Amino acid sequence: MLHEVHLQKYFMGRLNHGDDLLGVLTQTCQDLKISLGHIQAIGAVQKAVLGYYHQEQKSYHTIDLDQHLEIVQLTGNISLKDAVPFVHAHLTLSDPSGRTYGGHLFPGTLIFACEVFIHAVQGPTFERTLDATTGLPLWRVP
Ligand code: ZN
């Protein structure tokens, strides 16, 4: 089921070299009090940790990419989990040969350079709660 939301504000900026990408995105949304929205970014990372969710085991395994990579695309959303802004993001990264890797953004991904665009929207409360079917914290909207 989809819910109507309304564009509230746009934010643009550059993130700092060396910061943890997921950590700083989460902190930024918490500082700006953005509890609902969309994130996109491009740039490069010094190293990355991506996740892949095993649907049968209902658990993530992580993929450590200990190399310099381009952020071809980061796309994600902002909602609430445990009543605080929570970022869920996926990344496509490319290596020197142009080969790409992708997955769920995990902590441990370190920024080389990153330009971010955030759309904050207004709408109903999207709160993540555990979904028994998938084992994932999915949206529940009253
Ligand atoms: Zn994900």
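Keep in mind it's a predicted model, so treat the numbers as computed, not measured.
- V72 and L22 end up in different hydrophobic clusters when Ile, Leu, Val, Met, Phe, Trp and Tyr side chains are linked at under 4.5 Å.
- When all heavy atoms of K58 and A132 are compared, the closest pair comes out as NZ-O, 3.1 Å.
- When the side chains of ILVMFWY residues are joined at heavy-atom separations under 4.5 Å, either directly or via intervening members, V49 and V24 end up in two distinct hydrophobic clusters.
- Listed here is the closest heavy atom pair of C29 and V87: SG-CG2, 4.0 Å.
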*Could you check L25 against L74 for side chain to side chain contact (heavy atoms under 4.5 Å, CB included), going step by step and ending with a plain yes or no?*
CA-CA 11 Å; L25 287 175; L74 177 152; 4.0 Å; yes

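- To the nearest 0.5 Å, atom CD of residue Q55 and atom OG1 of residue T134 are 9.0 Å apart.
- Annotation: K47, atom NZ; neighbour count of heavy atoms from other residues, nucleotides and ligands within 6.0 Å is above 12.
- Residues I71 and C114 approach most closely at CD1-SG, 4.2 Å, considering heavy atoms.
- Checked against the 6.0 Å centroid criterion, the rings of H104 and Y53 do not qualify as a close aromatic pair.
- One finds the OG1 atom of T75 at 11.5 Å from the CG atom of L105 (value rounded to the nearest 0.5 Å).
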_F106 vs D64, side chain to side chain contact (heavy atoms under 4.5 Å, CB included): CA-CA, chis, key distance, verdict_ = CA-CA 10 Å; F106 261 73; D64 276 279; over 6 Å; no

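- The heavy-atom pair separating L36 from P124 by the smallest distance is CD2-O, 3.6 Å.
- Between the OG1 atom in T125 and the NE2 atom in H3 there is a gap of 11.0 Å [rounded to 0.5 Å].
- Ring pair H119/F117: centre-to-centre distance below 6.0 Å.
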*asked:* Under the criterion ring pair (Phe, Tyr, Trp, His ring centres under 6.0 Å), I'd like the reasoning laid out for H88 against F86: C-alpha separation, chi angles, the key distance, then a yes or no.
replied: CA-CA 7 Å; H88 176 202; F86 175 86; 7.2 Å; no

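- Distance check, rounded to the nearest 0.5 Å: OG1 of T92 to CG of L50 gives 9.0 Å.
- Connection of L21 to L32 is established within a shared hydrophobic cluster, with ILVMFWY side chains joined at heavy-atom distances below 4.5 Å, either directly or through further cluster members.
- A side-chain donor-acceptor contact under 3.5 Å links E127 to the backbone of D82.
- Between H17 and Q46 there is a side-chain heavy-atom pair separated by less than 4.5 Å.
- Using modelled atom types, one side-chain atom of Q30 and one backbone atom of P85 make a donor-acceptor pair closer than 3.5 Å.
- Residue N77 holds its CG atom at 8.5 Å from NE2 of H90, rounded to the nearest 0.5 Å.
- Linking ILVMFWY side-chain heavy atoms closer than 4.5 Å, directly or via other members, places W139 and V121 in a single hydrophobic cluster.
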_Could you go through H6 and Q8, starting from their C-alpha distance and side-chain angles, then the distance that decides it, and tell me whether this counts as side-chain hydrogen bond (donor to acceptor under 3.5 Å, both in side chains)?_
CA-CA 6 Å; H6 298 273; Q8 190 183 22; over 6 Å; no

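- A pairwise comparison of heavy atoms in L65 and L69 identifies CB-CD1, 3.8 Å as the closest pair.
- Tracing side-chain contacts under 4.5 Å through hydrophobic residues (I, L, V, M, F, W, Y), one reaches I63 starting from L91; they form part of the same cluster.
- The minimum heavy-atom distance between A120 and I34, with the atom names listed, is CB-CG2, 3.9 Å.
- Residue R14 holds its CZ atom at 10.5 Å from CD1 of I111, rounded to the nearest 0.5 Å.
- At distances below 3.5 Å, at least one donor-acceptor pair connects side-chain atoms of D20 with backbone N or O atoms of G108.
- The backbone N or O of I118 sits nowhere less than 3.5 Å from a side-chain atom of K9 that would complete a donor-acceptor pair.
- Enclosure of atom CZ in F112 is not indicated, since only 12 or fewer non-hydrogen atoms of other residues, nucleotides or ligands lie within 6.0 angstrom.
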